Engineer: 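Structure in structure tokens, see below.
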Amino acid sequence: MEKKEGFLKIDGKAISATIKDELSVEVAEMKKKGMRAPHLAAILVGNDGASQTYVGAKVKACEQVGFESTLVRMEESVSEEALLAAVEKINEDPEIDGLIVQLPLPKHISVEKVTAKIRPEKDVDGFTPANVGRMTLGWPAYISATPNGIVELIKRYEIETSGKHCVVIGRSHIVGSPMSILMGRNGYPGNCTVTLTHSRTQNLREIAQSADILIVAIGKAGFVTGDMVKEGAVVIDVGIHRIPDASRKSGFRLVGDVNFEEVAPKASAITPVPGGVGPMTIASLLSNTLLAAQGKVYG
């Protein structure tokens, strides 16, 4: 834990590394018992640079913890039918535990159809209706990587949540909506009174100012400013954006949805960008894949 200038800097990079070490130990134990290593498959459609980077990082992370990985590359022009057939082939392969289809997909392919085609027991991204429904009911489920990563950060830093007012800014199916459900569940982390806000929310500034825990996933650089946060709040910044910076060799720097310089001095704890929530997503994906290999969610 790094305490800096009165606030706690939540180090997702360090926690992610710890989780990977823990996973490596578990995989080694599985192999000692004669079990095969967990196996994650990824389907990458097209040549989107960011998608290739993300998938490459996932494959590398699998290697680091001793997982098997399979990468299926498909052309941008691939038909929806061919992609669905590729998903079904992996669904039927007993040697593969988890499957992710990297988003975004080309416009001629239905994300809903592809997501629905993935078997829930292999849906380590936690996007299928079955896993979203199970999460909502509080049943064992694969929780999507970013919300799962945030929950893990809160646990590992022992941040108190019971009875707190949690404000979530952003209502996406990938982050905002599941976070609101997770923080309101009966358990830890949870037992918050949750307000889910978004771009159409009136008096958003006043609502944000009332948050004990503020989770920001609005997709706008520097959206949350110092005057939107009360003293002592815990701030979780999910956003990541490249903005021009002539002083950097790369010509840009990474920032979040929160204006860190303004907000950090008021916060009791805050995630930086980069190095906060981001590194936790792959760690969460790997954790879900281990659960799939061990049959701990669906048996």
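Just so we're clear, the structure is a prediction, and the values are computed from it rather than from any experiment. The chain is numbered in sequence order, starting from 1.
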Engineer: Who passes salt bridge (Lys or Arg N to Asp or Glu O under 4.0 Å) against Arg73, sequence neighbours left out?
Structural biologist: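 Not a single residue meets the salt bridge (Lys or Arg N to Asp or Glu O under 4.0 Å) criterion with Arg73.
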Engineer: Which atoms form the tightest heavy-atom contact between Gly278 and Thr281, and what is the distance?
Structural biologist: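 Reported closest heavy-atom pair: O-OG1, 2.9 Å.
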Engineer: Determine, step by step, whether Leu83 and Lys117 satisfy the side-chain contact (heavy atoms from CB on, under 4.5 Å) criterion, reporting the C-alpha distance in whole Å, the side-chain angles of both residues, the deciding distance to 0.1 Å, and the verdict.
Structural biologist: CA-CA 10 Å; Leu83 177 54; Lys117 189 71 171 176; over 6 Å; no
Engineer: With distance as the sole test, does Asn131 use its side chain to make a donor-acceptor pair with the main-chain N or O of Ile143 at under 3.5 Å?
Structural biologist: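 Answer holds: no.
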Engineer: Around atom CD of Glu206, are there more than 12 heavy atoms from other residues, nucleotides or ligands closer than 6.0 Å?
Structural biologist: yes
Engineer: Testing the basics here: between Ala61 and Ile282, what is the closest heavy-atom pair and its distance to 0.1 Å?
Structural biologist: CB-CG2, 3.5 Å
Engineer: Given 3.5 Å as the limit, does a donor-acceptor pair link the side chain of Ser110 with the main chain of Lys113, or not?
Structural biologist: yes
Engineer: State plainly whether the residues Lys32 and Glu29 are in salt-bridge range, i.e. N to O under 4.0 Å.
Structural biologist: yes
Engineer: Check for a donor-acceptor pair, side chain of Asp237 on one end and backbone N or O of Asp257 on the other, with a separation under 3.5 Å.
Structural biologist: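 Yes; at least one donor-acceptor contact below 3.5 Å.
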Engineer: Can you name the residues that form a ring-ring contact (aromatic ring centres under 6.0 Å, His included) with Tyr298, not counting sequence neighbours?
Structural biologist: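 Partners of Tyr298 under the ring-ring contact (aromatic ring centres under 6.0 Å, His included) test: Tyr142.
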Engineer: Find the distance between CD (Glu95) and CZ (Arg36) and round it off to the nearest 0.5 Å.
Structural biologist: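 If I round to the nearest 0.5 Å, the distance is 5.0 Å.
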Engineer: Report the distance from atom NE2 of His165 to atom OG1 of Thr195, rounding to the nearest 0.5 Å.
Structural biologist: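 Separation between the atoms: 3.0 Å.
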Engineer: At their closest point, which heavy atom of Leu23 faces which heavy atom of Ala283, and how far apart are they?
Structural biologist: CD1-O, 4.3 Å
Engineer: Side chain of Ser177, backbone of His173: donor and acceptor closer than 3.5 Å?
Structural biologist: no
Engineer: Please examine the side chains of Tyr157 and Ile15, heavy atoms only from C-beta on, and report whether any two atoms are closer than 4.5 Å.
Structural biologist: yes
Engineer: So how far is it from Cys192 SG to Asp212 CG, rounded to the nearest 0.5 Å?
Structural biologist: 8.0 Å
Engineer: For Thr161 and Pro189, which heavy atoms make the closest approach, and how far apart are they?
Structural biologist: OG1-CA, 3.7 Å
Engineer: Are Lys122 and Asp97 close enough for a salt bridge, meaning some N to O gap below 4.0 Å?
Structural biologist: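 A salt bridge is absent here (no side-chain N lies under 4.0 Å from a carboxylate O).
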Engineer: Does the distance from a Lys or Arg side-chain N to an Asp or Glu carboxylate O, for Arg156 and Glu22, drop under 4.0 Å?
Structural biologist: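 Yes, this pair counts.
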Engineer: Just by distance, with hydrogens left out, do Thr70 and His39 show a side-chain donor and acceptor under 3.5 Å apart?
Structural biologist: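 Yes.
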Engineer: Would you find a donor on one side and an acceptor on the other, under 3.5 Å apart, between the side chain of Asn259 and the backbone of Val224?
Structural biologist: no
Engineer: Which heavy atom of Met74 sits nearest to which heavy atom of Ala82, and what is that distance?
Structural biologist: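 Taking every non-hydrogen atom into account, CE-O, 3.9 Å.
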Engineer: Determine the minimum heavy-atom distance between Ile10 and Leu153, stating which atoms define it.
Structural biologist: CG2-CD2, 4.0 Å
Engineer: Indicate yes or no: does Asp245 engage Arg253 in a salt bridge with an N to O separation below 4.0 Å.
Structural biologist: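 Salt bridge between Asp245 and Arg253, a charged N being under 4.0 Å from a carboxylate O: yes.
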Engineer: Using atom types as modelled and distance alone, determine if a side-chain donor or acceptor of Gln209 lies under 3.5 Å from a backbone N or O of Asp227.
Structural biologist: yes
Engineer: With heavy-atom distances below 4.5 Å as the criterion, would you say the side chains of Asp125 and Ser144 are in contact?
Structural biologist: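 SC-SC contact between Asp125 and Ser144 ruled out.
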Engineer: Tell me whether Lys266 at atom NZ has more than 12 heavy atoms from other residues, nucleotides or ligands lying less than 6.0 Å away.
Structural biologist: yes
Engineer: Val175 and Ser172: side-chain contact (heavy atoms from CB on, under 4.5 Å), yes or no, with the steps?
Structural biologist: CA-CA 6 Å; Val175 183; Ser172 74; 3.8 Å; yes
Engineer: Quick check on Glu75: does its CD atom have over 12 non-hydrogen neighbours (other residues, nucleotides or ligands) under 6.0 Å away?
Structural biologist: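 No, because the 6.0 Å sphere around CD of Glu75 holds 12 heavy atoms or fewer from other groups.
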Engineer: Is Ser51 reaching over with its side chain to a backbone N or O of Asn47, donor-acceptor style, under 3.5 angstrom?
Structural biologist: no
Engineer: Could you measure the distance from the CZ atom of Arg171 to the NE2 atom of His198? Nearest 0.5 Å is fine.
Structural biologist: 4.0 Å
Engineer: Nearest 0.5 Å, please: how far is CD in Glu152 from CE in Met280?
Structural biologist: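 Separation between the atoms: 5.5 Å.
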Engineer: Rounded to the nearest 0.5 Å, what separation is found between the NZ atom of Lys9 and the CG atom of Asp11?
Structural biologist: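 Here the rounded value is 7.5 Å.
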Engineer: Report yes or no: does Ser16 contribute a side-chain atom to a donor-acceptor pair with the main-chain N or O of Pro279 at less than 3.5 Å?
Structural biologist: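 Yes: the side chain of Ser16 pairs with the backbone of Pro279.
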Engineer: For Lys58 and Gln102, what are the C-alpha separation, side-chain angles and deciding distance, and is it a side-chain contact (heavy atoms from CB on, under 4.5 Å)?
Structural biologist: CA-CA 11 Å; Lys58 290 167 185 174; Gln102 184 64 41; 2.9 Å; yes
Engineer: Within the side chain of Gln202, is there an N or O that forms a donor-acceptor pair under 3.5 Å with the backbone of Leu204?
Structural biologist: no
